[in-house]
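Scroll down for the structure; my scribbles are underneath it.
For the single chain, residues carry numbers from 1 onward in sequence order. Owing to the predicted nature of the structure, the values given are computational and were not obtained by experimental measurement. Every heavy atom of this structure was used, including side-chain atoms; hydrogens, water molecules and symmetry mates were not.
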Amino acid sequence: MVQRILGILSWVGVALVFGALGVRFVKPEWDQYAIYAAWAGLALVLLYTIGQWREIVAHFQRRNTRYGTIASVSVIVVLGIVVAANYLSVRRNKRWDLTENRQYSLSDQSTKLLQGLQSPVKFIVFDQDVNFDRFRSRLGAYQYGSDRVAIEYIDPEKDPSKAGPYKIEAIPTIVIEYMGRTQRSNTDTEQDLTNALIKLINPQERKIYFLSGHGEKDPANSERTGYSGIADALKQDNYQFDKLVLAQTNEIPKDASVLVIAGPKTDLLESEVPILTEYLTSRTGKLLVLLDPTEDFKPVPMPRIMGLLNEWGIKATESVVVDLSGLTQVATVPVAGPPYPEHAITRNFALFTMFPMARAITAETAPQKRSGQTFLQTAQRSWGEMSLDALAKSQATPEPEKGDVPGPVSIGVATAVPAPTPEPAASTQKPADEAPKPETRVAAIGDSDFAANNYLGVQGNRDLFMNTMNWLAQQENLIAIRPRDASDRRLTLTANKTAAIFWMSIFIIPAAVLSAGAYTWWRRR
């Protein structure tokens with residue numbers, strides 16, 4: 001009798017559940033009653049199931065039922081794992097890039113720019129809709145780097161009303177909008193997109209002057225020893241550059257953001273020193289000095305340049321760094337590498353840098369002088385050799401008692417001195433904190449050839465120079481490792497090698513496989 005009642009109640013429960021489902025579609029306004037009916041129906045079905053517990057237990061004691069249950073549970077678990085993995089992949093997006101140069105990942109510089117965005121940035125791609133997929137991977141990396149990035153794809157032919165305001169003259173074109181400013185790029189390479197983003201974030205162009213007249217490196221020279229590669233890198237970070245003959249102008253232009261003295265062959269003129277001193281002290285100037293150690297192991301005295309640096313806590317020694325760490329085959333080619341001394345220029349800098357020949361540049365920390373801070377140093381098994389004669393004869397050994405600089409040797413020093421704070425004027429307005437406080441900044445590196453065209457391709461040389469320049473210009477948001485070009489993986493084959501590959505792949509290897517099969521068949525026979 002009880003079982004018959006439970007059976008009737010189970011059918012009533014099923015009817016209530018299906019009836020509630022039908023009400024949801026037919027009479028949505030009765031939704032509240034449908035919910036009550038569904039819960040009541042489920043309760044009746046559950047009550048019937050509990051009443052049949054003996055039959056359920058007996059059923060699961062059968063062998064076939066146990067195997068079927070195990071298989072069903074396994075299927076449910078696998079489906080659960082697949083569903084969970086898809087759910088997490090949608091909600092928790094994670095990317096891995098296993099290419100050698102991280103070709104499909106953004107560089108540190110791009111990531112740093114995205115993380116420092118103050119307002120939303122929008123990338124608008126103008127191209128035929130069949131070509132949109134080629135942009136999604138690269139632009140998706142920018143969107144992955146910041147939640148302030150938005151992307152829009154427009155086909156100018158199908159939607160000319162949206163393309164009209166942008167005056168698109170050619171496709172593909174990527175328009176980048178930020179804080180009411182726009183930049184354009186005709187490619188989707190990270191270098192071009194990040195350069196456009198830099199110009200939007202820092203719209204003011206800064207001017208770099210390279211001192212000339214003393215045999216310095218020429219930014220317009222494209223030969224191996226020239227600086228044309230560095231000039232191109234400066235343009236990419238929104239800098240302009242020019243040469244300055246101080247002996248003719250007798251002044252440093254007002255628009256100078258940084259003055260560079262790159263590898264002078266002779267000393268400054270006596271009349272040039274007061275101009276540089278006034279520029280640094282009165283105008284909170286920025287100076288980068290790249291001072292080569294020697295010419296053919298013969299000392300080149302430069303007392304005026306060394307005296308100027310000494311006033312700013314930087315001591316340039318008359319030495320040549322010898323590096324026996326084994327990182328290069330030539331002892332007079334020192335290498336600096338991670339970990340670097342803690343400084344804004346080299347913070348999180350994980351690339352090696354190589355210097356064809358360098359002198360020791362040490363920091364002066366005397367209380368009565370401005371204090372410098374080392375940001376570049378060589379390995380422990382190195383020293384600064386003061387005896388150039390012994391070095392020329394390959395007889396140099398470290399002798400600290402004779403003035404040699406023991407390793408690790410400092411070859412890069414920087415000094416920052418805040419400008420004097422003026423007396424605050426009576427005002428109710430708060431001063432703006434956005435602009436960095438002006439500082440006089442001086443940096444010196446004991447070599448200029450590391451940034452020349454023939455050494456600019458060494459791992460971190462280009463980034464080191466640009467990081468130093470951005471620190472001097474107080475553009476710390478640009479200090480990072482920059483985008484790298486993809487490695488060239490093409491193979492260059494001779495005609496003989498091409499023919500050998502053809503015969504191997506078309507005839508020899510298939511013939512070997514066929515012969516092995518025929519031999520196996522014959523043995524089995």
Does a side chain donor of either [X] or [Y] reach within less than 3.5 Å of an acceptor in the other side chain?
X: T194; Y: Q109; result: no
X: D192; Y: T187; result: yes
X: S161; Y: D159; result: yes
X: N470; Y: D237; result: yes

Among V260, I479, L464, which residue satisfies the side chain to side chain contact (heavy atoms under 4.5 Å, CB included) criterion with M469?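 The residue from V260, I479, L464 that satisfies side chain to side chain contact (heavy atoms under 4.5 Å, CB included) with M469 turns out to be V260.
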
Can R138 and Y142 be said to form a side-chain hydrogen bond (donor to acceptor under 3.5 Å, both in side chains), step by step? CA-CA 7 Å; R138 176 63 66 197; Y142 281 83; over 6 Å; no

[X] (side chain) donor-acceptor with [Y] (main chain) under 3.5 angstrom:
X: T111; Y: G145; result: no
X: Q459; Y: F352; result: yes
X: K286; Y: E439; result: yes

Would you name the heavy atoms of G229 and N453 that are closest together and state the gap between them?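 Result for this residue pair: N-OD1, 2.9 Å.
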
Ring centers of F450, Y455 separated by less than 6.0 Å: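 So the answer is no for these two rings.
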
Side chain to side chain contact (heavy atoms under 4.5 Å, CB included) for L117 and I201? Distances and angles first, verdict last. CA-CA 8 Å; L117 290 174; I201 297 174; 3.9 Å; yes

Applying side-chain hydrogen bond (donor to acceptor under 3.5 Å, both in side chains), run through D255 and Y209 and close with a yes or a no. CA-CA 9 Å; D255 62 345; Y209 284 92; 2.9 Å; yes

List, one per line, each side-chain donor-acceptor pair under 3.5 Å for residues 175-182, sequence neighbours excluded.
| from | atom 1 | to | atom 2 | distance (Å) |
| --- | --- | --- | --- | --- |
| E177 | OE2 | Y166 | OH | 2.8 |
| Y178 | OH | Q118 | N | 3.1 |
| R181 | NE | L200 | O | 3.0 |
| R181 | NH2 | L200 | O | 2.6 |

